[in-house]
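The structure appears right after this line, and notes come after that.
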Protein chains: 2
Amino acid sequence: MALEHAILVSLLEKPGSGYELARRFERSIGYFWTATHQQIYRVLKRMVGDGWIDVHEVAQQGRPDKKEYSVAAPGREALSQWLHEPVEPESIRHDLAVKIRGAAFDDPAVLIREVERHHRVHSERLAHYLAGERRDFTGPGAAGTLDAGRELQHVVLRGGIAYERMTLDWLDDVLATLHRIHGPEAGG
Amino acid sequence: MALEHAILVSLLEKPGSGYELARRFERSIGYFWTATHQQIYRVLKRMVGDGWIDVHEVAQQGRPDKKEYSVAAPGREALSQWLHEPVEPESIRHDLAVKIRGAAFDDPAVLIREVERHHRVHSERLAHYLAGERRDFTGPGAAGTLDAGRELQHVVLRGGIAYERMTLDWLDDVLATLHRIHGPEAGG
DNA sequence: TTTACCATGTAAGTGGTTACATGATTAG
DNA sequence: CTAATCATGTAACCACTTACATGGTAAA
C-alpha cells in the first residue's frame, strides 16, 4: 500500500489539511493516484497516531478552522525506508478490455458507443494535462533551470500525457476493429 | 466490479475449472485483469448460487477430479446487461510515480536502480506479449480471415503491447531525468 | 524423495467505496 | 433561499491480499 506514502510526499511538497490533500488527489497527484476524503481522514488519523505527521489547528477568517498536517521525522524515515524497498511493477486492470472481449457474445454496436465515450474522456484528460504542463513547466524558469522536485513532477506528468496519447491511439484501433467486424454484416 | 463479468467472458470463450480460470488470469486475460485462485473460487461459488453458471464434476484419469463451469442463460443475460451499462474510464495507479516524486526528498540513486528493475520487467512482458501475438495471430489464418472473437482478443493484446512500449519509453525518460538531476552533483 | 503441477478450499486482515451526517461562509 | 465551497468526520459494506490447509500425480 502506498496511500500513506503518497500523503507523505504530498505533505513534504507542501503541508496542508485533509481537505486540501483530497483536492490535490483530484488534481496533480490524481494523475497517478486517487483517494477520497473519507480515506484520507482515516489514514491521516492513523499517521498522527504513529507519529509520522504532526497536526496543528489553524484558525481562519471567513472559513471553518482547519487542521494543518506536516511530516514529522519518523514519517520522513518511513518514506525513506519505503523508497528503498522494491515495489511490484503493476498491471493494468481494464473493465473496457473485458467488455471488448465480451462483445464477441453481444451486439458490437453498443460497444462502439462506449468506446467513443471513453475516447472523449481521455481526450479531455489529455487536454487537461497539456494545459497543466503549459502552465507549470514552460515559459520563464523552464529548459534545464528547474529544480529537482519540479523536474520530477514534470516527468510524472509526461507519463500521464504519454499514457493518454497511447490510450487514444489504442481506442482508435479498437474502433477500427469493431467497425471491421460489425460493418460488413450491418452495413456500417 | 467486473471480476464476475471477466469470468463470464472467459467461460463463454471456453468452459473450465476454477484452477484453469486462475491460469488464464495469469496469461491472456491477465494482460488486463488479475485474480488469484482464492478470489476466483469465492466468486464462482456465488455465481453458481445466483444461477449465472452451471457446474458439473468431471472425473479425470491421472489427475484429481475437477468441477467444470459453464455459463447459464441468466449469466449470459447478466453479462449482456453489464455490456450495455457504461463503465468509468479508469485512471492509472502507480506506486512508481509516488516514488519518483518522493525521490526529491531522498537519494535519487536508489530510485535509478528501481526504475531499471521496472524497465527489465516491462521488457520481459513486452517480449511475452509479442511471442503470444506471433503464436496466436500470425501465419495461416491471419490477415482479415480471423473470426470476430479472435479479432477482439487480438486488439486487446495490441493494447497490452502498446501499454508496455509506452511504459518502456517513459521509463527511459525517467532515467534520463534522474541522471540529469543526479549526475551533475554526484558525477554519475 | 523432492519438486512441480493439478485441484480446491478457509480464515484473517487490510484497503477502498458508498452512504450518512454536520455545520459554517459566500455568491447569486 | 439556494447552491457551491470549505471543512471534518462515522459506519457499513465489499473487494482483494496473504497465509494457511489438504491431497493426489508425474517426472527428475
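Below, chain A is the first sequence line, B the second, and so on; all start at residue 1. Since the structure is predicted, the reported quantities are computational estimates derived from the model, not experimental observations.
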In the hydrophobic cluster built from side-chain contacts under 4.5 Å, what are the other members alongside Y19(A)?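 Y41(A), all in the cluster of Y19(A).
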Integer-rounded Å distance: [N] [atom2] and [X] [atom1]:
| X | N | atom1 | atom2 | answer |
| --- | --- | --- | --- | --- |
| E57(B) | dA7(C) | CD | P | 12 Å |
| L21(B) | dC6(C) | CG | C1' | 14 Å |
| D65(A) | dT5(D) | CG | C1' | 16 Å |
| H5(B) | dA15(D) | NE2 | P | 11 Å |
| K66(A) | dT5(D) | NZ | P | 18 Å |
| I40(B) | dT8(C) | CD1 | P | 11 Å |
| I7(B) | dC16(D) | CD1 | C1' | 13 Å |
| E4(B) | dC14(D) | CD | P | 12 Å |

Relative to the ring of Y163(B), is the ring of Y163(A) parallel (under 30°), tilted (30 to 60°) or perpendicular (over 60°)?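 The rings of Y163(A) and Y163(B) stand perpendicular, inter-plane angle above 60°.
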Side chains of V121(B) and R125(B), heavy atoms from C-beta outward: is any pair under 4.5 Å?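 V121(B) vs R125(B): side chains touch.
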Do the non-hydrogen side-chain atoms of I7(B) and L21(B) ever get within less than 4.5 Å of each other?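 Result yes, sub-4.5 Å side-chain heavy-atom pair found.
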Residues E114(B), R117(B): salt bridge by 4.0 Å N-O rule: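 Looking at R117(B) together with E114(B), the answer is yes, because their closest N to O distance falls below 4.0 Å.
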Measuring to OP1 and OP2 of [N], would you say a side-chain N or O of [X] lies under 4.0 angstrom away?
| X | N | value |
| --- | --- | --- |
| Q60(B) | dA7(C) | yes |
| K45(A) | dT8(D) | no |
| Y41(A) | dT8(D) | yes |

Nearest-neighbour nucleotide for the R46(B) side chain, dA15(D), dG16(C), dT8(D) considered: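 Selected nucleotide (nearest to the side chain): dA15(D).
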When hydrophobic residues are tied together by side-chain contacts of less than 4.5 Å, even through go-betweens, does V110(A) share a cluster with L83(B)?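 No, V110(A) does not connect to L83(B) through the hydrophobic network.
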Donor-acceptor pairs under 3.5 angstrom involving side-chain atoms of residues 55-64 of chain A: please list them, not counting sequence neighbours.
from   : atom 1 : to     : atom 2 : distance (Å)
Q60(A) : NE2    : P64(A) : O      : 2.7

Every protein N/O within reach of nucleotides 18-24 of chain C N/O, cut-off under 3.5 Å:
from    : atom 1 : to     : atom 2 : distance (Å)
dA19(C) : N6     : Q38(A) : NE2    : 3.1

Does Y69(A) or T34(B) map to a spot on DNA chain D nearer the 5' end, using the closest nucleotide for each?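 So the residue in question is Y69(A).
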Closest-nucleotide mapping onto DNA chain C: is R63(A) or A35(A) further toward the 5' terminus? I mean the 5' end.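 Checking each residue's closest nucleotide, the 5'-ward one belongs to A35(A).
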